[in-house]
Participant: 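Starting off with a structure, shown below.
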Protein chains: 2
Amino acid sequence: MTKQNQRRVTLRDVANEAGLSVMTVSYAFNNPDRVSEESLQRVLNASKVLGYAGKNPWATSLRTGKSNSLGVVFGEHLTYAFSDPQASEFLAGVASICVERHLGLTFIPTEGTPGDASRVSEAAVDGYVFWTTVMDDPTLGAAVRTGRPCAIQGGPEYDGIVRVRADDRAAARAMSTTSLKGTSHPVIVSFSLDHTRTPSQGYGLDITEAKLPVTQDRLQGFREGLEAAGFNWSDVYVIALSRNLRTEAKTTFDLLLKEAQIPVDAVLCMSDELAVGVLETASENGRVVPNSLSVSGWDDGPAAAAEGLTTLRQSLYEQGRTCGQIAAGLTADQPQASWSVIERQSTRR
Amino acid sequence: MTKQNQRRVTLRDVANEAGLSVMTVSYAFNNPDRVSEESLQRVLNASKVLGYAGKNPWATSLRTGKSNSLGVVFGEHLTYAFSDPQASEFLAGVASICVERHLGLTFIPTEGTPGDASRVSEAAVDGYVFWTTVMDDPTLGAAVRTGRPCAIQGGPEYDGIVRVRADDRAAARAMSTTSLKGTSHPVIVSFSLDHTRTPSQGYGLDITEAKLPVTQDRLQGFREGLEAAGFNWSDVYVIALSRNLRTEAKTTFDLLLKEAQIPVDAVLCMSDELAVGVLETASENGRVVPNSLSVSGWDDGPAAAAEGLTTLRQSLYEQGRTCGQIAAGLTADQPQASWSVIERQSTRR
DNA sequence: AGCGTGCTGTGTAACGGTACAGATCGAGCG
DNA sequence: CGCTCGATCTGTACCGTTACACAGCACGCT
């Protein structure tokens, strides 16, 4: 063992070993051009001899006020970050910025309890990215109060946090028009996402009841599109699912068809994943898409193209990149993410 | 603005405002039972008045030597963490521990360059988890030298790092036996993973050439199983793919069938994802599975059950949990992860 | 009265780096 | 020869928190 006691080797130890001052050693590591070749070698040598494990990150951060890491506050259970396709795509975008700028990526687990606010404000990060956050989340304020840059995907709107999203309301308006083409007097189901619900609990969700701002915006857009086309919002069953899983959509839609016997003509889904589940259940129940049933998804992920799904294209990856850039302090613009309706075979022409 | 200048509010400021000592304020936050109800209220009140953003994480960590965060060193491009099904499942396991123990999860991006070693040793984490690491990765030594607990999935073996994995060699041995049941004089292709390769470059990989220890172990196991059954290792084409994508497997296998015209009888894949790609290409080329072609996967993920794939079951989620526990310092055991061959319709009985 | 005990509050010295201002010294130059 | 200048090196004061040891003080008990 080269280590004296149990104490970790510090810059000072290296300086002593090398017969140089602490500052020279510090410069040798951070700004090698500023020291002579000979000193540099002596520092490197002394480090090796003592087994110097590198600069203490906390000391450096405390002094410089930076930690070279972005924080992600993930509104749902952290394991979903790696299983939900929407979240994954978004996070890949954030990660791409981290790779480019040599930043760490720190997930700050929260569970929606008030105590989590301090876990956010006391995270060693230089900026925050929020994902699927509910309206009254106390962590938003905690992040803003740190004075570090903050970005949020979707919403809610919050003073001091840059909001990155497509215009969900306009997009939903367009989607409802496309989706109901060639249909008269339809009965419509909207499969929405609202992770504050327990599974299959959300029958008949009212617009204002939705906890996620994105859900609110889209429902509002659906409503406007439908009413402009002469349909009634009261003919729409809004069903909120707690998880973005095709199995959730399948069991719920099956129940709707078999038990509730609702004569549904169109299903507007808020993710491709849910839409694929609806398609599967439809075919199991002998419904022909799009002639006897119109189905639309959201996001235009890989599954949408494979299944011929009409969907709303937006790039969550790009939105992730934008959020990453904002959190890294590279820009402070409030960007408008683009979107477009992609018409495929799951809706009538 | 309640803030005086630009300086961030500190504990000291709160103490002054509350008319108490710094330590009392510190106790009020960390150990409220130790202060009187009245002091507690005064501290809380002063914090609110001054807009105290919470304890400075770097100062706390510097003093206590802990940062309440686990580090993940991800051998591939960080965006794959959110798209590769194997990685995702493993990371979900790590994340579950972080949620349970109230720890952050920090990804430390590396690109395989020597400079990355310092990014690892200077990360503000309490322990390390390694994923898909090549044999001579310098970040391994950097992590060990910090003295913090380290865990690695798969390999390589490294002094001071707990290795979590199934016995890949024995598993591969069993799999090759199962997979070649009812076959005589077969020509075999093994689709392997080796992310240091550029796409489709790895024709005719030699066992010892494989950069990933897991790949080496499995190839070795395949070889032993085949030779024990009287087959020749020289009849096996080992093809290393750089990415765990079904599209990679599809184009490569298509090339093999059409251009190289190799009369392949069995394909042993090192992931379900690759195996599914092989199945798709096989059916496009009119090959009937399992009668004219045996296909096996690895991991028994959701796709394997859906496609009736014979595969090797292991739980990367559980291995992720184990790695997380080790990195969090909750245990130091060298565990043996379990595995079993799951026989389905893609191989002969 | 004297003493131990528990509760509450306080000063000070770290933790391990970096910013900053300045010291030293030999070379170059009029 | 005196002076400036650049290259190199150094001492010290922080950054903001917590560990630790100790100081009052009220209270109950002998």
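Order of the sequence lines fixes the chain letters, A, B, ..., with proteins taken first and strands second; residue numbering starts at 1 for each chain.
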Participant: Mind grabbing the angle between the end helix axes of the helix from C:dA1-D:dT30 to C:dG30-D:dC1? Five pairs an end, 10° rounding.
Facilitator: 50°
Participant: Is the closest basic N to carboxylate O distance between A:Glu37 and A:Arg42 below 4.0 Å?
Facilitator: no
Participant: With A:Tyr317, which residues qualify under ring-ring contact (aromatic ring centres under 6.0 Å, His included), at least two apart?
Facilitator: none
Participant: What pairs with B:Asp84 under side-chain hydrogen bond (donor to acceptor under 3.5 Å, both in side chains), at least two apart in sequence or on another chain?
Facilitator: B:Asn244
Participant: Test of understanding: with side-chain hydrogen bond (donor to acceptor under 3.5 Å, both in side chains), list the residues that count as partners of B:Arg163, not counting sequence neighbours.
Facilitator: B:Glu157
Participant: Of the residues in residues 16-23 of chain A, which ones touch DNA chain C at a heavy-atom distance under 4.0 Å?
Facilitator: A:Met23
Participant: Are any of the side-chain heavy atoms of B:Phe90 and B:Val129 separated by less than 4.5 Å?
Facilitator: yes
Participant: Please list, in numerical order, the residues of residues 26-42 of chain A that have a heavy atom closer than 4.0 Å to any atom of DNA chain C.
Facilitator: A:Ser26, A:Tyr27, A:Asn30
Participant: Other residues, nucleotides and ligands only: do more than 12 of their heavy atoms fall within 6.0 Å of CG on A:Asp159?
Facilitator: no
Participant: Quick one: list whatever passes ring-ring contact (aromatic ring centres under 6.0 Å, His included) with A:Phe82, sequence neighbours left out.
Facilitator: B:Phe82
Participant: Taking the side chain as every heavy atom from C-beta outward, state whether A:Ser47 and A:Glu17 have any atom pair closer than 4.5 Å.
Facilitator: no
Participant: Under the side-chain hydrogen bond (donor to acceptor under 3.5 Å, both in side chains) test, which residues partner A:Ser121, sequence neighbours left out?
Facilitator: none
Participant: Any base atoms under 4.0 Å from B:Thr60, or only sugar-phosphate, or nothing? Heavy atoms, all strands.
Facilitator: sugar-phosphate
Participant: Tell me whether B:Asn56 contacts the main-chain N or O of B:Ala59 through its side chain, where contact means a donor paired with an acceptor under 3.5 Å.
Facilitator: yes
Participant: If you measure only the distance, is there a donor-acceptor pair under 3.5 Å linking the side chains of A:Asp116 and A:Thr139?
Facilitator: no
Participant: What is the ring orientation for A:Phe107 with A:Phe74, classed by angle as parallel under 30°, tilted 30 to 60°, or perpendicular over 60°?
Facilitator: perpendicular
Participant: Shoot me the first and last contacting nucleotide of DNA chain D against chain B, ordered 5' to 3', at under 4.0 angstrom to non-hydrogen atoms.
Facilitator: D:dG16 to D:dC20
Participant: List for me each residue that meets ring-ring contact (aromatic ring centres under 6.0 Å, His included) alongside A:Tyr128, sequence neighbours excluded, and say none if there are none.
Facilitator: none
Participant: Do the side-chain N and O atoms of A:Thr79 and B:Ser96 include a donor-acceptor pair separated by under 3.5 angstrom?
Facilitator: no
Participant: Please name all residues satisfying side-chain hydrogen bond (donor to acceptor under 3.5 Å, both in side chains) with B:Gln336, sequence neighbours left out, ordered by chain then number.
Facilitator: none
Participant: Tell me, please, the opening and closing nucleotides of DNA chain C, 5' to 3', among those with an atom under 4.0 angstrom from a non-hydrogen atom of chain A.
Facilitator: C:dG16 to C:dC20
